[in-house]
Undergrad: 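Starting off with a structure, shown below.
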Amino acid sequence: MIDLRILRAEPETVRASQRLRGDDVSLVDAALALDERRRAALTRFETLRAEQKSIGRGVAKAAGDEKAALLARAKTLADEVKAAQADADAAAVELDEVTMRIGNLVIDGVPAGGEDDYVVLRHVGTPRDFAAEYGPDFAVRDHLDLGELLGAIDTERGAKVSGARFYFLLGVGARLELALLTAAQNMAVEAGFVPVVTPTLVKPEIMRGTGFLGAHADEIYRVDADDMYLVGTSEVALAGMHADEILDLSTAPRRYAGWSTCYRREAGSYGKDTRGIIRVHQFNKVELFTYTSVDDAEAEHERLLALEERMLQLVELPYRVIDVAAGDLGSSAARKYDCEAWLPSQQRYLELTSTSNCTTFQARRLGIRERTASGETRTAATLNGTMATTRWLVAMLENHQQADGSVHVPAGLRPYLGGLEVLTPVDAGGRA
RNA sequence: GGAGGGCUGGCUGAGCGGCCGAAAGCGACGGUCUUGAAAACCGUUAGGGCGGUGUCCCCGUCCUCAAGGGUUCGAAUCCCUUGCCCUCCGCCA
C-alpha cells in the first residue's frame, strides 16, 4: 500500500511512477478525490460524536427536567452520529479499494517498460563451449537426461504419485539439494542473517497482507477445509512474523534466512517449461529477508544482491544480473534485480534469484514499524532475495556436465557432500 | 472429536454501564545521589486518523481494551456471532 501522505503531497511523483509501470494513472486522481471526501465525512462524524459525548457526560450529572431535555437531544444525536459514521466508513472503504490498486513508487533509475525491457547490468563467468571441449558432435544433455543418468531425478514417478510438475529427487539429487540449501543458509548466517525454518501454511490475513492475494491469487494453493494458504515462498511467513510490531532497527536491520518448501499452482503457464524440474508445483528455497529503515533500504538491496552473487559464484555458475523493468516489478517492489544463469540445453538465461526492495509498501499493509532514534514510529522497509532453490540444480547439472554424463561438483559444495567431487551415472539398476 | 477457562498498554495484572485510554507492579528511558556502579528516591513511558497553530515543541478532536454486530443518551464493562489462545479427556501420530 502506498503512503497517502505522499499521494497528497506529491501526486505527480505517483503519476510518474504509474506511467513508468504502464499502470492506470487516473487511479491517482480518483484516490485524491476519495481522500477529500473521506476527510470531510470524518470531520462531520467527529464533530457530532464530540457533541454526543459531551451531552452524554451531562446526562450523568443532570436531574429532573434538565435531564429529560438532555436525553431527548442525545437521542436524536445518536441517530445522526450513526449515520455520519456509516458515511465516513463507506468513504474509507472506497478510498482503500482505489489506493490498493496503486503500485509501489518505482525508484529512480528503474528502466521503463515491460517484461522484455530489462537492462543487463553485468555478466559474470563464461558459458562453456562444449563443442570446443568435447568436439563438434557432442550433444549437450539437458538437466533431466543428466538427472536420470545419475539416478537423481524421477519425474515419471512424480507424476504417478502427484501429477504433472511433481518429481522425486533421489540419491545424489536429494543430497545435492540438501548440500546446496545448507551451503546457502550457512553463507547467509555468516553474513549475519538469522536462520529460520518457517511455517508453510498461513492464515488469510497474512497472505493478503503480503500482497500475494492480488494479481497472483491464481498461483496460490488454498486449503479450503481450514481456510489457510500454502506459501509460494517463505517471504510470506517472514514478512508476517513481525506484522503489527514496532521494531528497534536503530542499531542494525533484522535479517533472516528462511528455509521452506514452496508451493505454486503454475496456473497460466500450461505448456511452459514442462520438461524436468524447471517449473514445478513444489520446491525448496532459502530466502533472505530484511527489515530495515527506509533510509537504508537501497544499500541493503545491494547487499542482498551481492550475497546472491556470492552464492552463484560458490556453485560456479555463469550468470547475468538484470535490472527488471518497471512494468514487470509486481505491485510491491520498487526495484528488482534478477540473476539468471546460463542454460546450455536451451541456449538462454534462466532466472535463479530475484531480489526485491519493497520499501515501505509491504510493511505498511502489515503494520510493521520501527522506533526511530528520536522516539517516533514510522513504517519500516522490507526486502527479500533468493539464496538458493531447487531450480538451481537444473543449471548446476547442465553447466557442470562432462562428456560421459558425469557431473562436476563445485568445490564449495563438496564439504556438504562428504567430499564428493563428481556425480557419476548409475547403471540401470540404480533407477529401478 | 468432547468438556471447561481465557483474550486489557513492552510484560504481569486490576477494572460498580457514566472524567477509564484504563489502577498497580515489572521493565525501559531521563534525573538526583555516587569517584564510578548498584541500591534508594523523583519524573517520563500505548498506537493511530483528522484538524490547527507550529513546523525540530505543542494544542484540539476522534478511533482502538481480539474482530464484527447489537442493547443504551452513554459500552473495556451487558447480549449475539466469529476468530485465536490455554487446560483436561478421548483419538491419531
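As the structure is a computational prediction, the values presented were derived from the model and not from experiment. Throughout, a chain's letter reflects where its sequence line sits, starting with A, and its residues are numbered from 1. For the numbers below, each heavy atom of this structure counts, side chains included, while hydrogens, waters and symmetry mates do not.
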Undergrad: Would you say B:U61 has OP1 or OP2 under 4.0 Å from some side-chain N or O of A:R49?
TA: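 Checking A:R49 against B:U61: no side-chain N or O falls below 4.0 Å of OP1 or OP2.
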Undergrad: Rounded to the nearest angstrom, tell me the gap between atom CD1 in A:I206 and atom C1' in B:C84.
TA: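 Nearest whole value for this atom pair: 13 Å.
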Undergrad: Categorize A:I55 for me: base, sugar-phosphate, or nothing, with a 4.0 angstrom heavy-atom threshold over every strand shown.
TA: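 It contacts nothing in the nucleic acid.
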Undergrad: Please name all residues satisfying side chain to side chain donor-acceptor pair (under 3.5 Å) with A:R141, sequence neighbours left out, ordered by chain then number.
TA: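 Residues passing side chain to side chain donor-acceptor pair (under 3.5 Å) with A:R141: none at all.
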Undergrad: For B:G74 versus B:C19, give the span between their C1' atoms, rounded off to a whole number of Å.
TA: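 That atom pair is separated by 13 Å.
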Undergrad: Can you confirm whether A:D295 is buried at CG, in the sense that more than 12 heavy atoms of other residues, nucleotides or ligands lie under 6.0 Å from that atom?
TA: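 For A:D295, atom CG is crowded (more than 12 foreign heavy atoms under 6.0 Å).
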Undergrad: According to a strict under-4.0 Å criterion, is A:R369 in side-chain N/O contact with OP1 or OP2 of B:G48?
TA: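 For A:R369, the contact criterion (side-chain N or O under 4.0 Å from OP1 or OP2 of B:G48) is met.
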Undergrad: When you get a sec, tell me which of B:C50, B:G18, B:U71 is the closest nucleotide to the side chain of A:K82?
TA: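 The answer is B:U71.
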Undergrad: Of the nucleotides B:G48, B:C63, B:C73, which has the atom closest to the A:A78 side chain?
TA: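 The answer is B:C73.
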Undergrad: Starting at atom CE of A:M228, determine the distance to atom C1' of B:G83, rounded to an integer number of angstrom.
TA: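 Result: 13 Å.
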Undergrad: Considering every strand and a 4.0 Å limit on heavy-atom distances, what is the contact class for A:R371: base, sugar-phosphate, or nothing?
TA: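 Sugar-phosphate only.
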Undergrad: Using the P atoms only, state how far B:C78 lies from B:C7, rounded to an integer number of Å.
TA: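 Result for the P pair: 11 Å, nearest Å.
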Undergrad: For nucleotides B:C80 and B:U71, find the distance between their P atoms and express it as a whole number of Å.
TA: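 Per the computed distance, 15 Å lies between those P atoms.
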Undergrad: Could you tell me whether the side chain of A:D96 reaches within less than 4.5 Å of the side chain of A:V93, counting heavy atoms only?
TA: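 With C-beta onward as the side chain, the pair stays apart.
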Undergrad: Round to the nearest Å and state the distance from A:D244 atom CG to B:G83 atom P.
TA: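 Answer to the nearest Å: 20 Å.
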Undergrad: Which value, in whole Å, describes the distance between the C1' atoms of nucleotides B:G6 and B:U44?
TA: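 Looking at atom C1' only, B:G6 and B:U44 are 33 Å apart.
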Undergrad: A:R38 has a side chain; which of B:C73, B:C50, B:C62 sits nearest to it?
TA: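 Minimum distance to the A:R38 side chain belongs to B:C50.
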Undergrad: To the side chain of A:T43, which of B:G48, B:C62, B:C50 is closest?
TA: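 Nucleotide nearest to A:T43's side chain: B:C50.
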Undergrad: When the P atoms of B:A39 and B:A66 are compared, how many Å lie between them, rounded to an integer?
TA: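 Each nucleotide's P atom is 35 Å from the other's.
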Undergrad: Which sits closer to the 5' end of RNA chain B, A:T377 or A:S54, going by the nucleotide each is nearest to?
TA: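 Nearer the 5' end of the strand: A:T377.
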Undergrad: Between A:Q52 and B:C73, is there a side-chain N or O to OP1/OP2 distance below 4.0 Å?
TA: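 No, A:Q52 has no side-chain N/O under 4.0 Å of OP1/OP2 on B:C73.
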Undergrad: Could you check how far CG of A:D89 sits from C1' of B:C62, rounded to whole Å?
TA: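 Rounded to the whole Å, the gap is 12 Å.
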Undergrad: Do A:T210 and A:Q362 touch side chain to side chain, with heavy atoms closer than 4.5 Å?
TA: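 The answer is yes, as the side chains (C-beta and beyond) meet within the 4.5 Å cut-off.
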Undergrad: OP1, OP2 of B:G60 versus side-chain N and O of A:K53: anything below 4.0 Å?
TA: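 A:K53 to B:G60 OP1/OP2: no side-chain N or O under 4.0 Å.
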Undergrad: Heavy atoms only, 4.0 Å cut-off, all strands: where does A:R378 land among base, sugar-phosphate and nothing?
TA: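 Nothing, no nucleic acid heavy atom in range.
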Undergrad: Please report, rounded to the nearest Å, how far the P atom of B:C20 is from the CZ atom of A:R57.
TA: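 Result: 11 Å.
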Undergrad: Can you tell me if A:R8 touches the phosphate of B:C50, counting only side-chain N or O atoms and a distance under 4.0 Å to OP1 or OP2?
TA: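 Affirmative; the distance criterion is met.
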Undergrad: Give the nucleotide from the list B:C84, B:C73, B:U61 with an atom nearest to the side chain of A:K203.
TA: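 The closest nucleotide is B:C84.
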Undergrad: Quick check: are there more than 12 heavy atoms from other residues, nucleotides or ligands sitting under 6.0 Å from CD of A:E298?
TA: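 Atom CD in A:E298 is not packed in, count stays at 12 or less.
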Undergrad: Under 4.5 Å between any side-chain heavy atoms of A:I153 and A:I277, yes or no?
TA: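 In short, these two side chains touch, coming nearer than 4.5 Å.
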Undergrad: Give the rounded distance in Å between these two atoms: CG of A:D227 and C1' of B:C84.
TA: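 Going from CG in A:D227 over to C1' in B:C84 covers 14 Å.
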Undergrad: Considering Watson-Crick and G-U wobble pairs with both distances under 3.5 Å, what does B:G51 pair with?
TA: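 Matched B:G51 with B:C59 under the 3.5 Å cut-off.
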Undergrad: For A:I246, report the nucleic acid contact type (base, sugar-phosphate, nothing); a contact means any heavy atom under 4.0 Å.
TA: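 Answer is sugar-phosphate: A:I246 comes under 4.0 Å of backbone atoms only.
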Undergrad: Start at the 5' end of RNA chain B and walk down; is the nucleotide closest to A:D35 or to A:E376 reached first?
TA: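 Its nucleotide being nearer the 5' end, the pick is A:D35.
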Undergrad: With sequence neighbours left out, which residue pairs that include part of residues 280-308 of chain A fulfil the ring pair (Phe, Tyr, Trp, His ring centres under 6.0 Å) condition?
TA: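 Residue pairs with at least one partner in residues 280-308 of chain A: A:F166-A:H281, A:H242-A:Y291, A:F289-A:Y291, A:H301-A:Y337.
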Undergrad: Given the P atoms of B:G9 and B:U64, what is the spacing between them in whole Å?
TA: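 Per the computed distance, 15 Å lies between those P atoms.
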Undergrad: Between atom OG of A:S332 and atom CZ of A:F212, what is the distance when rounded to the nearest 0.5 Å?
TA: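 It comes to 7.0 Å.
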Undergrad: Take atom P in B:G83 and the same atom in B:A76, then report the distance between them in whole Å.
TA: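 It works out to 24 Å between them.
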Undergrad: Indicate, with a heavy-atom threshold strictly under 4.0 Å, whether A:R39 touches base, sugar-phosphate, or nothing.
TA: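 The residue A:R39 makes sugar-phosphate contact but no base contact.
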Undergrad: Expressed as a whole number of angstroms, how long is the span from A:L42:CG to B:G48:C1'?
TA: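 After rounding, the gap between these two atoms is 12 Å.
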Undergrad: Can you tell me how far C1' of B:C73 sits from CD of A:E80, to the nearest Å?
TA: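 Taking atom C1' of B:C73 as the reference, CD of A:E80 is at 13 Å.
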Undergrad: Expressed as a whole number of Å, how far does the C1' atom of B:G13 sit from that of B:G18?
TA: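 Result for the C1' pair: 24 Å, nearest Å.
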